[in-house]
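Numbers restart at 1 for each chain; the letters A, B, ... are given by sequence-line order, proteins then strands. Everything numeric in this text was worked out from a predicted model, so none of it was measured.
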Protein chains: 2
Amino acid sequence: MNKIDLNAECCDCNEVHEDLLKIVNETMPEENELYDLAELFKVFGDSTRIRILFVLFEAEVCVCDLAEVLNMTQSAISHQLQILKQNKLVKSRREGKSIFYSLADDHVRTIIAQGQEHIEE
Amino acid sequence: MNKIDLNAECCDCNEVHEDLLKIVNETMPEENELYDLAELFKVFGDSTRIRILFVLFEAEVCVCDLAEVLNMTQSAISHQLQILKQNKLVKSRREGKSIFYSLADDHVRTIIAQGQEHIEE
DNA sequence: TAAACATATGAACAATCATTCATATGAATG
DNA sequence: CATTCATATGAATGATTGTTCATATGTTTA
């Protein structure tokens, strides 16, 4: 595998081609992992979902409280909660008529904290 | 703490309203910071850009090599590089006709590593 | 068990986005 | 200085997505 391409059809920086292909083939995650990674970050790429997460950083909250605090419709919040739940960023628990949502794990905090560090520079 | 909100206009979980509002108002970032955060994660939310970043984890690479290694058109790669650059995830350097791209800082690695940890569980 | 309440969900619509195509810019080369 | 090479970019297009609206599901209560 990874044979030398002497007829590099690209730019003149020929020296790197072989090594680059080799290294990339070794370190690049599988196609479906790349897809999952992008999917995960897509979930963080919406300010409504980010705001939901910031609320859940502080407390376990039911849907209607989330909607009230964030000043959005119950339906919009519920739709976004489903997306957060599908991606295992939040979990839910029923208590009577209400359903309470909370953070699923602490990666969420870490990822968002890293994002904040990045934009604050 | 956790005072009761007697005028809760929402669901029956009245006790939390006041405190929740207070805490959220204290800890929720400003509107534009939330927007910037979401924008940043949106950049990670595309597998082409993720793949570009994985290549740049290993080496400083010119545009045509990126296009070749990732098997995509020069134009598509260039468009995505502009987005990565605007969000300060990569930087560029001209050398003759070529332009070499590299990671702008190490938050990129940390954020993606956290994402990988999350999906591998 | 009917009504009220809390949440979920499907369809529709507008907005956003990634890629393609054509072309422009900018540097090296002969 | 015209051509070639490497990259950037604007417009167009098809695909994806967040919100709304209407309605369904599931739980409590009278």
K.L.:
Please tabulate, one pair per line, each protein N/O and nucleotide N/O from nucleotides 15-24 of chain C that are separated by under 3.5 Å, including the distance.
P.N.:
residue: C:dA18; atom: OP1; partner: B:Arg49; partner atom: NH1; Å: 2.9
residue: C:dA18; atom: OP1; partner: B:Arg49; partner atom: NH2; Å: 2.5
residue: C:dT19; atom: OP1; partner: B:Thr48; partner atom: OG1; Å: 2.6
residue: C:dT19; atom: OP2; partner: B:Gln80; partner atom: NE2; Å: 2.9
residue: C:dT20; atom: OP2; partner: B:Thr73; partner atom: OG1; Å: 3.3
residue: C:dT20; atom: O4; partner: B:His79; partner atom: NE2; Å: 3.2
residue: C:dC21; atom: N4; partner: B:Ser75; partner atom: OG; Å: 2.7

K.L.:
Return the value, rounded to whole Å, for the distance between atom CD of A:Glu68 and atom P of C:dT7.
P.N.:
11 Å
K.L.:
Measure OH/B:Tyr35 against P/D:dG18 and give the value in whole Å, please.
P.N.:
14 Å
K.L.:
A:Gln82 has an atom CD; how far is it from atom P of D:dT17, in whole Å?
P.N.:
16 Å
K.L.:
Tell me: CZ of A:Phe44 to P of D:dT17, nearest whole Å?
P.N.:
16 Å
K.L.:
Could you pull out the protein-nucleic contacts involving nucleotides 26-30 of chain C (nitrogen or oxygen on both sides, under 3.5 Å)?
P.N.:
none

K.L.:
Please list all pairs meeting ring-ring contact (aromatic ring centres under 6.0 Å, His included) that have one or both residues in residues 102-121 of chain A, counting only residues at least two apart or in different chains.
P.N.:
A:His107-B:His118, A:His118-B:His107
K.L.:
Do A:Arg51 and A:Arg49 come within less than 4.5 Å of each other through their side chains, counting heavy atoms only?
P.N.:
no
K.L.:
Check the distance between C:dA6's P and A:Leu66's CG and give it to me in whole angstrom.
P.N.:
14 Å
K.L.:
Which residues pass the side-chain hydrogen bond (donor to acceptor under 3.5 Å, both in side chains) test with B:Gln74, not counting sequence neighbours?
P.N.:
none
K.L.:
Restricting to side chain to side chain contact (heavy atoms under 4.5 Å, CB included), what partner residues turn up for A:Ile99, sequence neighbours left out?
P.N.:
A:Ser92, A:Arg94, A:Tyr101
K.L.:
Nearest heavy-atom pair of A:Val61 and A:Val55: which atoms, and what distance?
P.N.:
CG2-CG1, 3.8 Å
K.L.:
When you look at CG of A:Asn71, are more than 12 heavy atoms from neighbouring residues, nucleotides or ligands closer to it than 6.0 Å?
P.N.:
no
K.L.:
To the nearest Å, how far apart are B:Ile99 CD1 and C:dT25 P?
P.N.:
15 Å
K.L.:
Measure the shortest side-chain to side-chain distance between B:Val108 and B:Asp105 over non-hydrogen atoms and say whether it is less than 4.5 angstrom.
P.N.:
yes
K.L.:
Please name the nucleotide paired to D:dT9 by Watson-Crick or G-U wobble geometry with both distances under 3.5 Å, or report none.
P.N.:
C:dA22
K.L.:
Determine which pairs satisfy side-chain hydrogen bond (donor to acceptor under 3.5 Å, both in side chains) with at least one residue from residues 27-36 of chain B, sequence neighbours left out, and list them in order.
P.N.:
A:Gln116-B:Glu33
